[in-house]
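Along the sequence shown, the residues carry numbers beginning at 1.
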Amino acid sequence: QVQLVESGGGLVQAGGSLRLSCAASGRTFSSYIMGWFRQAPGKEREFVASIPGSGSRTSYAESAKGRFTITRDNAKNTVYLQMNSLKPEDTAVYYCAARKSILLKYDCWGQGTQVTVSS
């Protein structure tokens, strides 16, 4: 089973950029669909972006389109989330997640990394 560790979070001013990384352990990383989710205080966890094993097709939440980019490097067992033009409403704990293609839900989750965007 894949183990996930997020990094790259921090404090940034509005309009700035951050790149989150999610390092995965395991031997079958390329077989997993990877996703990024976030949860702000008092709010439900929400989907941000996902990328299949091939990296050929990506999916984004409307709030992320045009600003965020999800990529993966299967050789490094790592998925990234490049976040540009950050807004205060992007402030949240960001989680990396993984699922096998055959599964309907993500069943592997990282511990999360805090992203704080100041106005």
Side-chain angles (χ1 to χ4, degrees):
Q1 186 174 355
V2 64
Q3 304 293 315
L4 307 174
V5 180
E6 302 96 334
S7 63
L11 175 65
V12 64
Q13 293 186 352
S17 299
L18 283 175
R19 177 179 288 179
L20 305 184
S21 298
C22 176
S25 63
R27 305 174 184 177
T28 58
F29 175 74
S30 62
S31 68
Y32 286 88
I33 297 172
M34 302 298 298
W36 285 98
F37 295 76
R38 68 186 183 187
Q39 186 170 27
K43 295 185 177 180
E44 298 281 333
R45 181 174 295 184
E46 64 177 352
F47 169 80
V48 177
S50 67
I51 185 169
S54 66
S56 59
R57 299 181 68 177
T58 55
S59 182
Y60 296 92
E62 286 297 321
S63 61
K65 288 182 179 179
R67 299 188 301 124
F68 294 3
T69 303
I70 185 170
T71 58
R72 68 190 295 159
D73 187 338
N74 290 339
K76 296 182 178 180
N77 279 22
T78 303
V79 63
Y80 305 93
L81 184 68
Q82 178 67 46
M83 304 186 294
N84 299 326
S85 301
L86 284 163
K87 306 173 181 179
E89 50 263 43
D90 294 319
T91 296
V93 176
Y94 283 71
Y95 297 91
C96 179
R99 69 174 177 90
K100 285 285 191 178
S101 297
I102 196 173
L103 300 179
L104 276 63
K105 298 180 178 180
Y106 291 87
D107 62 345
C108 299
W109 296 83
Q111 293 280 64
T113 184
Q114 177 71 48
V115 172
T116 302
V117 184
S118 62
S119 60

Any pair counted as disulfide (SG to SG under 2.5 Å), so long as it reaches residues 34-91, sequence neighbours left out: none
Arg72: partners by salt bridge (Lys or Arg N to Asp or Glu O under 4.0 Å), with sequence neighbours left out: none
Side-chain hydrophobic cluster, 4.5 Å single linkage: members besides Leu11: none
Any pair counted as disulfide (SG to SG under 2.5 Å), so long as it reaches residues 30-119, sequence neighbours left out: Cys22-Cys96
Backbone N/O of Val79 and side chain of Asp73: donor-acceptor pair under 3.5 Å: no
Connected-component partners of Tyr80 among ILVMFWY, side-chain separation under 4.5 Å: none
Counterpart residues, side chain to side chain contact (heavy atoms under 4.5 Å, CB included), relative to Val115 (two or more places apart): Leu18, Leu20, Met83, Tyr94, Val117
Side chain to side chain donor-acceptor pair (under 3.5 Å) evaluation trace for Ser17 with Asn84: CA-CA 4 Å; Ser17 299; Asn84 299 326; 2.9 Å; yes
Residue list, side chain to side chain contact (heavy atoms under 4.5 Å, CB included) with Ser119, at least two apart or on another chain: Pro88
All ring-ring contact (aromatic ring centres under 6.0 Å, His included) counterparts of Phe37, not counting sequence neighbours: Phe47, Tyr106, Trp109
Residue list, side chain to side chain contact (heavy atoms under 4.5 Å, CB included) with Lys100, at least two apart or on another chain: Thr28, Ser31, Tyr32, Ile102, Leu103
Beyond-backbone contact of Phe68 with Asp90, side-chain heavy atoms, under 4.5 angstrom: yes
Least distance between heavy atoms, Val93 atom then Gly112 atom: CG1-CA, 3.9 Å
Residues which pass side chain to side chain contact (heavy atoms under 4.5 Å, CB included) with Thr58, listed by chain and number, not counting sequence neighbours: Ile51, Tyr60, Ile70
Between CZ on residue Arg38 and OG1 on residue Thr113, distance to nearest 0.5 Å: 14.0 Å
Salt bridge (charged side-chain N to carboxylate O under 4.0 Å, His left out) contacts in which one or both residues fall within residues 6-34, not counting sequence neighbours: none
Flag side-chain contact, heavy atom, 4.5 Å: Leu4 against Gln111: no
Taking every non-hydrogen atom, the tightest pair across Asn74 and Gly53: ND2-O, 3.0 Å
Pairing residues for Glu89 by the salt bridge (Lys or Arg N to Asp or Glu O under 4.0 Å) criterion, not counting sequence neighbours: none
Trp36 to Leu81 - nearest heavy-atom pair and separation: NE1-CB, 3.5 Å
Side chain to side chain, Met34 and Phe29, heavy atoms closer than 4.5 Å: yes
